[in-house]
S.K.: 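Quick one: the structure is below, and I'll ask about it shortly.
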Amino acid sequence: MPPGEKNVHAFWLFFPAASVLAAIAVPLSIRAVLSGTGWPSGLTGAGHGHELIFGFALALIAGYTLGPQPRRILLPLFALWLLARVSWLLAPDTALAQLLSPAFALALARYAVPRFSAAKKWRNKAAAPLILLLCLLAVGFLISRDANRHLPFSFPDAHQLMQSAILGLLMLMTFIGGRVIAPAVAGTLEKQGIPLKARVQPHIEGTLILLLSASVALSLVSAPALLIGFLLLATAVGIIIRSVRWKLWLCRKRPDLLVLAAGYLWLAIGAGMTGLHLLAGASPVPALHLITIGALGTLSTSVMLRLAWQRSHRMFPPAWQALTSGAAIATSAISRYLAGPTPFNEPGWLWLSSSLWSLAFLGVAVQLLMLAGSSKNRRK
């Protein structure tokens with residue numbers, strides 16, 4: 001690093017930007033369809049899922065995994081993400097938009113993956129291939145547009161890649177969420193004089209990684225839905241057992257931690273309901289939104305507020321912030337599930353879900369920007 005150059009924590013850039021994108025993308029995507037205008041075109045059809053995963057989720061991963069970075073690395077990476085988002089929203093069919101999202105994903109993998117590659121145990125190495133998988137799926141989304149017209153073998157289409165990416169996110173959240181919650185619960189209980197023996201729970205964690213790895217792989221090759229459904233039901237059971245062994249009911253004085261744990265339980269709900277839908281031969285789309293809204297929304301808002309408050313004020317987020325965002329996201333997830341597999345036929349549920357989601361993330365974005373300002377002033 002050049003003399004005098006200061007590192008910047010990646011989350012101060014990526015977390016507020018991800019929150020703003022989350023807040024505006026969902027209502028815009030609904031408006032694009034219900035208004036009949038089709039604008040912005042990048043949020044119609046599979047484009048909505050594209051921005052959720054390769055825009056919002058990858059920004060969260062960047063903010064969480066990159067840590068402090070020199071400005072000469074972080075600023076171009078953030079600019080690449082921003083250009084990719086703008087070009088995709090406004091002109092998704094252009095070559096520029098098609099190339100910028102995979103370019104950002106690969107650039108993120110270049111800096112994020114090596115940070116997890118030094119671990120010795122295979123479970124500890126899991127984050128690196130998971131992040132790499134999600135980044136490579138952005139490339140796969142680009143290839144899928146014309147692949148089946150030019151390749152001699154069947155290539156997953158955009159919707160199939162979206163489902164696989166959501167299961168990949170489910171696995172990444174299961175892994176990282178457990179690594180965040182376990183020590184937090186243990187520390188909280190130790191202050192009460194209560195020892196917690198079941199922390200990371202390596203056997204359960206390893207089983208969950210194997211179950212979800214198989215689910216992702218099978219979804220990419222269009223395996224029978226029944227098989228994937230059974231794997232997801234087993235995943236849900238494993239997550240519940242792991243959560244119960246954390247004795248979360250003893251952490252009543254830490255509402256921020258309880259909301260974070262609720263996000264982890266949303267993983268079980270989303271995995272279990274998706275498994276049931278697949279076993280019943282029903283569309284998994286409503287249940288997958290329990291993962292992308294309930295789990296991803298709750299875990300992301302909790303982690304973003306947690307990191308920002310700890311960095312700026314060395315304290316946990318206020319109870320009202322954690323509880324308000326958690327309740328809004330939970331109601332949003334349930335409302336989207338009730339909208340069913342054809343949500344535009346149920347605009348009331350859809351708009352309720354969208355409004356609560358957007359309000360939660362707008363609130364988080366404002367809070368992050370305020371905390372960033374106070375952190376900067378404290379450093380002065």
Side-chain angles (χ1 to χ4, degrees), residues 26 29-30 33 45-46 48-50 52-53 57 137 144 154 156-174 177 204 207-244 262-299 329-354 356-357:
V26 176
S29 67
I30 297 174
V33 176
H48 167 70
H50 180 278
L52 172 72
I53 296 169
L137 284 174
S144 70
S154 178
D157 61 23
H159 292 283
Q160 189 177 348
L161 285 171
M162 288 297 102
Q163 179 173 317
S164 300
I166 291 171
L167 296 181
L169 270 178
L170 172 63
M171 179 160 50
L172 184 63
M173 289 188 288
T174 301
I204 295 179
T207 301
L208 290 172
I209 291 172
L210 292 175
L211 287 170
L212 287 168
S213 296
S215 300
V216 174
L218 291 171
S219 69
L220 283 171
V221 298
S222 301
L226 287 176
L227 182 54
I228 301 173
F230 278 120
L231 291 173
L232 291 177
L233 280 177
T235 296
V237 172
I239 292 173
I240 292 171
I241 293 173
R242 193 183 195 192
S243 300
V244 169
Y264 203 75
L265 288 172
W266 272 113
L267 295 172
I269 296 169
M273 292 301 293
T274 302
L276 289 174
H277 277 240
L278 291 172
L279 291 174
S283 169
V285 171
L288 288 171
H289 280 83
L290 297 176
I291 299 171
T292 57
I293 298 177
L296 181 59
T298 307
L299 289 172
I329 295 294
T331 310
S332 174
I334 295 169
S335 300
R336 175 58 188 87
Y337 181 79
L338 293 175
T342 54
F344 295 107
N345 293 333
E346 299 288 346
W349 287 119
L350 202 56
W351 277 118
L352 176 61
S353 175
S354 169
L356 291 170
W357 169 274

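For the numbers below, each heavy atom of this structure counts, side chains included, while hydrogens, waters and symmetry mates do not. Bear in mind that the values here come from a model prediction, so they are computed numbers and not experimental data.
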S.K.: If you look at every heavy atom in Arg336 and Pro343, which pair is closest and at what distance?
M.R.: NH2-CG, 3.5 Å
S.K.: Name each donor-acceptor pair under 3.5 Å that joins a side chain in residues 273-281 to protein atoms two or more places apart or in another chain, with its distance.
M.R.:
{"unit_1": "Thr274", "atom_1": "OG1", "unit_2": "Gly270", "atom_2": "O", "d": "2.7"}
{"unit_1": "His277", "atom_1": "ND1", "unit_2": "Ser283", "atom_2": "O", "d": "2.8"}
{"unit_1": "His277", "atom_1": "NE2", "unit_2": "Tyr337", "atom_2": "OH", "d": "2.9"}

S.K.: In sequence, state the C-alpha distance, the side-chain angles, and the governing distance for Ile166 and His289, and then conclude on side-chain contact (heavy atoms from CB on, under 4.5 Å).
M.R.: CA-CA 9 Å; Ile166 291 171; His289 280 83; over 6 Å; no
S.K.: Look up atom CG in Leu296 and atom CH2 in Trp266, then write down how far apart they are to the nearest 0.5 Å.
M.R.: 13.0 Å
S.K.: If every non-hydrogen atom of Ala158 is compared with every non-hydrogen atom of Ala46, which pair is closest and at what distance?
M.R.: CB-CB, 4.0 Å
S.K.: To check you understand the geometry: which heavy-atom pair defines the closest contact between Ser332 and Ile293, and what is its length?
M.R.: OG-CG2, 3.6 Å
S.K.: Identify the heavy atoms of Met173 and Tyr264 that sit nearest to each other, and give their distance.
M.R.: O-CE1, 4.0 Å
S.K.: What is the distance from atom OG1 of Thr174 to atom CG of Leu208, rounded to the nearest 0.5 Å?
M.R.: 6.5 Å
S.K.: How about CH2 on Trp349, more than 12 heavy atoms from neighbouring residues, nucleotides or ligands closer than 6.0 Å, or not?
M.R.: no
S.K.: Mind checking the OG-CD1 spacing from Ser354 to Ile30? Nearest 0.5 Å is all I need.
M.R.: 4.0 Å
S.K.: Excluding sequence neighbours, so at least two apart, what forms side-chain contact (heavy atoms from CB on, under 4.5 Å) with Leu220?
M.R.: Leu137, Pro156, Leu161, Ser164, Val216
S.K.: To the nearest 0.5 angstrom, please state how far the OG atom of Ser219 sits from the CD1 atom of Ile228.
M.R.: 5.5 Å
S.K.: Any idea which heavy atoms bring Leu167 and Ser215 closest together, and the distance?
M.R.: CD1-O, 3.9 Å
S.K.: Let me confirm one number: the CG-CE distance from Leu169 to Met162, rounded to the nearest 0.5 Å.
M.R.: 10.0 Å
S.K.: For the residue pair Ala165 and Ile53, what are the closest heavy atoms and their distance?
M.R.: CB-CD1, 3.5 Å
S.K.: Could you tell me if the side chain of Thr235 sits less than 4.5 Å from the side chain of Ile239, heavy atoms only?
M.R.: yes
S.K.: Distance from Ile269 atom CD1 to Ile334 atom CD1, nearest 0.5 Å?
M.R.: 8.0 Å
S.K.: In a check of side-chain contact (heavy atoms from CB on, under 4.5 Å) between Leu288 and each of Ile291, Leu290, Thr292, which one passes?
M.R.: Ile291
